2 protein chains.
Amino acid sequence: MNYQPLLNYMEQHIQLTSEEKSLVINRVNHRKYLRNQYVVQQGDVCRFESFVLSGCLKTFYVDQDAQEHIVMFAVENWWCADLGSFITQTPADYNIQCLENTELLQFSFDNLQQLYLEVPQLERFFRIIIQNAYVATEKRIVRNFSLSAKERYLKFREQYPQMEQRVPQYMIASYLGITKEFLSKLRGQLMQED
Amino acid sequence: MNYQPLLNYMEQHIQLTSEEKSLVINRVNHRKYLRNQYVVQQGDVCRFESFVLSGCLKTFYVDQDAQEHIVMFAVENWWCADLGSFITQTPADYNIQCLENTELLQFSFDNLQQLYLEVPQLERFFRIIIQNAYVATEKRIVRNFSLSAKERYLKFREQYPQMEQRVPQYMIASYLGITKEFLSKLRGQLMQED
DNA sequence: CTAGCACCTTAATCTAGATTAATCTTTTTT
DNA sequence: AAAAAAGATTAATCTAGATTAAGGTGCTAG
C-alpha cells in the first residue's frame, strides 16, 4: 500500500517520527471505490475523513426540487468528507460520489480519537485541515457574492486547470451555480474573444 | 467587569475549575467601542477573537466596485473575528464595524497561545468554535445556492427575529445578497399576503 | 454498423432581481 | 422647530441568467 502521499502531505504541517508514522498507518483504512459509488449519502453520518490517493469525487447537495448542487470536487492529495457531519457525528447534508474509480485512505471517527491520544500532534494537524476548509469556504461565499458567472468560471479555470478535462461541463456549471446552457453560452463568448 | 456571559458560554462546551477561570479572565481584554468604530479593517491582520458582551457588529467585505457585502452580524453572546485572518495571522478579507456602542471581551493571538498552554481544554473549546463557524458557513453556501431571495429573507427573519428591529433594512438586504429596493418589494408582497 | 445513451450547443422566450430616479418618512443635528 | 441627513418605498425600465425545446456530437454496446 502506498502511504507516501499522505505522509508527505502531513509533513507539510507537522514533523513525525517514524514510530508516529507507523501509528498513523496502523489506524488508517485503505479502500477502493468504483466510478459512481457513494462514499457518503445525505442523511447518513459521515464516517470517514478521507485522503484521495487517486481518482476524483464530487460533494453535492440535493435540494427539495431534486436539483443537484456541487459544492466541491476532490482529486489526488485532497481531503474529502462532509466535515460538518464528521466532526459532530450527525447526519450529512451532502453526498460524496466518485466520478472515477478512486482510492482513498480513510480515518474513521473512532480511529481518529485514538490517534489524537497516540500522536497528539495530529490535533494540530486536523485543526489546520479544518481551518483551511473554513477559510476556503468563506472565500467561496465572498466570490459567489461579488463575482459574475463569467468571472467565477474564469477563476475556476485558473484555479483547477486540470478539472475541465476531467469532469463533464454540466457538473462544472453546477459547481459554479449556473445552468449548463448558460455555461455553454459563456464558453462560446470566451472562444470568440480570443 | 462582567465575565459571566463568557464563562457561561464556555461551560456549555467544557468544564473549568475556578483557577482555570481566573487564568482565562487574566488573559482576556475588555474593551468598549463606539458606534461606527472598526474592530478589524480589511487588509489589517485580525488581532483578536472577540466575544460580544453587549452591542451589535457587522462583518463585511468591500468589492472592487466599492460595494459592501455583509457576511454576518454579531450580537450579545456571539463571537466575532475574521477567523481566517486571526488563525493564520495574515491580512483580513473583512471589515468588522460596530453598529451600536459595543463591549467586547477580546483574546489576542499571543494571549490565546499562552492560554492553550495554561488551560489545555481551551484547545478543544476553540476547535469547537471554529467547527461551528465552519458548519454555519457551509450551511450558508447551501442556502444561497438553493433558496430564492424571498425564502432567504423568511429564513433570516425566523433565525434572527430580534435583528430586524436592530439594524437598518439596507444592511439586511446586503446580508441577503439583494438590493434594498428589492427587499422593500418583498416586504410589500409579504404584507399583502397576510 | 447502427441504436442508444450521455453530453454539448444554439436560439427563443421568460423572470428574478438590478438599476435608476423620484418621493416619502424618520431620525439626528443645530 | 427647521434643516439636514439617513433610511424606506414605489414604479419604470433593464439585464444576467433560467427555461424550454430542438438538434448535434461522440462514445459504447449489441
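Sequence lines set the chain letters: A, B, ... in the order given, protein chains first and strands last, and positions in each chain run from 1. In this text the structure is predicted, and so the values were computed from the model without any measurement.
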Chemist: Suppose we call two aromatic rings close when their centres sit under 6.0 Å apart. Are A:Phe73 and A:Tyr160 close by that rule?
Modeler: no

Chemist: In terms of side-chain heavy atoms of A:Glu181, which of D:dT19, C:dC8, D:dA11 is nearest?
Modeler: D:dT19

Chemist: Send over the distance from B:Phe182 CZ to D:dA12 P, rounded to a whole Å.
Modeler: 17 Å

Chemist: To the nearest Å, how far apart are B:Arg152 CZ and C:dA16 P?
Modeler: 13 Å

Chemist: Nearest to the side chain of B:Ser148 - D:dG17, C:dG17, C:dT9?
Modeler: C:dG17

Chemist: What integer distance in Å separates A:Leu183:CG from C:dC8:C1'?
Modeler: 10 Å

Chemist: Compute the centroid of each ring, for A:Tyr175 and then for A:Phe156, and state whether the two points are separated by less than 6.0 Å.
Modeler: yes

Chemist: Taking CZ from A:Arg166 and P from C:dC7, how many angstroms apart are they, rounded to a whole number?
Modeler: 16 Å

Chemist: Nearest whole angstrom, please: distance from the C1' of D:dT9 to the NZ of B:Lys185.
Modeler: 12 Å

Chemist: Run the ring-centre check on B:Phe86 versus B:Phe48 and record whether the distance is less than 6.0 Å.
Modeler: no

Chemist: Take atom CD1 of A:Ile172 and atom P of C:dC8, then tell me their distance rounded to the nearest Å.
Modeler: 8 Å

Chemist: Would you say D:dA8 has OP1 or OP2 under 4.0 Å from some side-chain N or O of B:Ser184?
Modeler: no

Chemist: Among D:dA16, C:dG17, C:dC8, which nucleotide sits nearest the side chain of A:Pro168?
Modeler: C:dC8

Chemist: Aromatic contact between A:Trp78 and A:Tyr9, with the criterion being ring centroids under 6.0 Å apart: yes or no?
Modeler: no

Chemist: The side chain of A:Gln169 lies closest to which of these nucleotides: C:dT9, D:dT19, D:dG17?
Modeler: C:dT9

Chemist: Rounded to whole angstrom units, what separation is found between the CD atom of B:Gln189 and the P atom of C:dG17?
Modeler: 10 Å

Chemist: Take atom CG of B:Leu190 and atom C1' of D:dT9, then tell me their distance rounded to the nearest Å.
Modeler: 15 Å

Chemist: For A:Gln67 and for B:Arg35, locate the closest nucleotide of DNA chain D by heavy-atom distance; then report the residue assigned to the nucleotide nearer the 5' terminus.
Modeler: B:Arg35

Chemist: Among the nucleotides C:dT9, D:dG17, D:dA8, which one has an atom lying closest to any side-chain atom of A:Ile178?
Modeler: D:dG17

Chemist: If you pin A:Lys180 and A:Leu147 to their nearest nucleotides in DNA chain D, which one's is more 5'?
Modeler: A:Leu147

Chemist: Hey, is the side chain of A:Arg187 poking within less than 4.0 Å of OP1 or OP2 on C:dT9, counting only N and O atoms?
Modeler: yes

Chemist: Does B:Arg187 come within less than 4.0 Å of B:Glu164, counting only side-chain N to carboxylate O?
Modeler: yes

